[in-house]
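Since this is a predicted model, take the numbers as computed values, not measurements.
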Amino acid sequence: MTTVQLNDDNERFVSNMLAEGLYVSRDELLNDAIHSLQREHEWRRHAEEGARQLRDGEYSTFDEESLAEYFEDVKRRGRERLAAKKAAP
């Protein structure tokens with residue numbers, strides 16, 4: 001068990017969330033808050049990776065025809081994966 005000390009503003013926020021019935025317990029609220037921080041961290045990591053790829057020239061450009069071909073390829077591969085998944089025991 002971990003004890004968490006909240007400042008007055010955060011304590012009021014938690015109390016209000018509980019009073020509004022958005023969470024049934026402090027534990028549920030804190031677990032949800034930590035899960036949200038984890039998702040935010042993952043999004044930030046992906047954004048930083050994308051920014052690095054742009055900076056390093058690791059991207060593709062498309063014109064209208066090549067973009068249509070790319071989407072057709074994505075759909076084809078998706079259909080193949082779905083068919084393989086359905087065929088698997």
Side-chain angles (χ1 to χ4, degrees):
M1 168 78 50
T2 301
T3 301
V4 177
Q5 294 292 323
L6 301 176
N7 65 34
D8 291 342
D9 289 338
N10 288 340
E11 184 62 46
R12 273 191 295 279
F13 178 77
V14 168
S15 295
N16 288 338
M17 297 291 275
L18 293 171
E20 292 174 22
L22 299 171
Y23 294 93
V24 296
S25 69
R26 291 168 115 53
D27 289 342
E28 180 188 13
L29 186 148
L30 290 172
N31 281 318
D32 190 45
I34 290 168
H35 184 69
S36 293
L37 285 170
Q38 289 170 330
R39 285 192 315 260
E40 180 182 330
H41 176 73
E42 282 297 309
W43 279 106
R44 186 174 293 137
R45 191 178 63 73
H46 289 295
E48 289 169 353
E49 175 65 11
R52 184 202 58 76
Q53 288 173 331
L54 283 172
R55 185 180 60 247
D56 294 348
E58 297 175 15
Y59 59 89
S60 300
T61 57
F62 297 94
D63 59 20
E64 194 170 321
E65 183 180 335
S66 63
L67 186 60
E69 291 171 0
Y70 175 77
F71 284 138
E72 286 303 317
D73 186 53
V74 168
K75 288 190 284 187
R76 179 191 53 76
R77 287 183 284 134
R79 288 183 191 115
E80 288 173 358
R81 288 176 60 191
L82 183 60
K85 194 177 221 181
K86 286 181 178 179

* **Distance in Å, Gln53 CD paired with Glu48 CD, rounded so as to fall on 0.5 Å steps** => 12.5 Å
* In this structure, are over 12 heavy atoms from other groups packed under 6.0 Å from His41 atom NE2? -> no
* Asked: For the hydrophobic clusters of this structure (ILVMFWY residues joined by side-chain heavy atoms under 4.5 Å, transitively), does one cluster hold both Val14 and Val4?
  -> yes
* Gap between atom CG of Asp32 and atom CE of Met17 - 0.5 Å precision -> 8.0 Å
* Asked: When clusters are formed from ILVMFWY side-chain contacts under 4.5 Å, directly or step by step, what else is grouped with Tyr59?
  -> Leu54
* Is any side-chain N of the basic residue among Glu72 and Lys75 closer than 4.0 Å to the acidic one's carboxylate O? -> yes
* **Between OG on residue Ser60 and CG on residue Leu67, distance to nearest 0.5 Å** => 11.0 Å
* Structure fact -> residues 69-89 vs ring pair (Phe, Tyr, Trp, His ring centres under 6.0 Å), sequence neighbours excluded, gives Phe62-Tyr70
* Structure fact -> The complete set of salt bridge (charged side-chain N to carboxylate O under 4.0 Å, His left out) pairs with one or both residues in residues 33-42, sequence neighbours excluded, reads Glu40-Arg44, Glu42-Arg45
* To do: Name all pairs fulfilling the ring pair (Phe, Tyr, Trp, His ring centres under 6.0 Å) condition that reach into residues 2-26, sequence neighbours left out, sorted by first residue then second.
  => none
* Asked: Can you list every pair that meets salt bridge (charged side-chain N to carboxylate O under 4.0 Å, His left out) and has a residue in residues 54-63, with sequence neighbours left out?
  -> Arg52-Asp56, Arg52-Glu58
* Of all the heavy-atom pairs spanning Asn10 and Asn7, show the shortest one and how long it is. => N-OD1, 2.8 Å
* **Contact check, side chains of Asn31 and His35, non-hydrogen atoms, under 4.5 Å** => no
* Not counting sequence neighbours, list each pair that qualifies as a salt bridge (charged side-chain N to carboxylate O under 4.0 Å, His left out) and has a residue in residues 11-23. => Asp9-Arg12, Glu11-Arg26
